[in-house]
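Just below is one structure, and these are the notes that go with it.
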Amino acid sequence: MKKFDYSTLNNLEITPEMMKKIMEISKLISQHSAYKSAENHTSTRLVEVTKTHPHVEKFTVDTLTLQNLQNKLRSLKKGDLLKLIPEYSQIIIERSLNKLLKKSQIEKIGGRKSTKYILKWE
């Protein structure tokens, strides 16, 4: 395998087309990270609003679990839900998942450590 000569990097010219592509990639990365940041704090903010505004309907852990499964449109592990709903402990989220399974609102995929949950569509 041929080794790359890093000393030739100084002689490279960046064309305007290359610079344009680099800027597009940079913009996409910043948009993606901003979206992820906002997405991770959504459920936390919902719970904070219900605590400070008593007239707002309280969000239960079941409601937050269903909302996160619906918003993601993919299967989620229990660990994913713990990160998305940090206000509630692992035990509370496990109870919520079991309750939603019994009500047939969600489906369980896999088993043991690879268990995932997905919203049940009728």
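Numbering starts at 1 and runs along the sequence shown. Keep in mind the model is a prediction, meaning the values are calculated, not measured.
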Heavy-atom pair with the smallest gap, counting every atom of [X] and [Y]:
| X | Y | result |
| --- | --- | --- |
| Lys116 | Ser75 | CD-OG, 3.2 Å |
| Tyr117 | Leu69 | O-CD2, 3.3 Å |
| Asp80 | Arg74 | OD2-NH1, 4.3 Å |

[X] [atom1] to [Y] [atom2] distance, which is reported to the nearest 0.5 Å:
| X | Y | atom1 | atom2 | value |
| --- | --- | --- | --- | --- |
| Leu97 | Gln90 | CG | CD | 10.0 Å |
| Leu64 | Leu84 | CG | CG | 10.0 Å |
| Gln105 | Lys120 | CD | NZ | 10.0 Å |

Just to verify, which of Thr60, Leu119, Asn71 counts as forming a side chain to side chain contact (heavy atoms under 4.5 Å, CB included) with Leu66? Leu119
If we check side chain to side chain contact (heavy atoms under 4.5 Å, CB included) with Thr65, which of these qualifies: Val61, Asn68, Thr63? Val61
So Ser96 and Leu100, side-chain contact (heavy atoms from CB on, under 4.5 Å) or not? Walk me through it. CA-CA 6 Å; Ser96 172; Leu100 293 170; 3.8 Å; yes
Intermediate values then yes/no, side-chain contact (heavy atoms from CB on, under 4.5 Å), Tyr88 and Ile93: CA-CA 7 Å; Tyr88 293 101; Ile93 290 177; 4.2 Å; yes
Run the numbers on Ile106 and Ile118 for side-chain contact (heavy atoms from CB on, under 4.5 Å), then give the verdict. CA-CA 6 Å; Ile106 62 173; Ile118 192 164; over 6 Å; no
With side-chain contact (heavy atoms from CB on, under 4.5 Å) as the criterion, how do Lys108 and Leu101 come out once you've worked through the C-alpha distance, each side chain's angles and the decisive distance to 0.1 Å? CA-CA 7 Å; Lys108 186 177 180 179; Leu101 280 168; 3.9 Å; yes
Please, which pairs that meet salt bridge (charged side-chain N to carboxylate O under 4.0 Å, His left out) have at least one residue in residues 92-103, sequence neighbours excluded?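 Passing the test, one end in residues 92-103: Asp62-Lys99, Lys78-Glu94.
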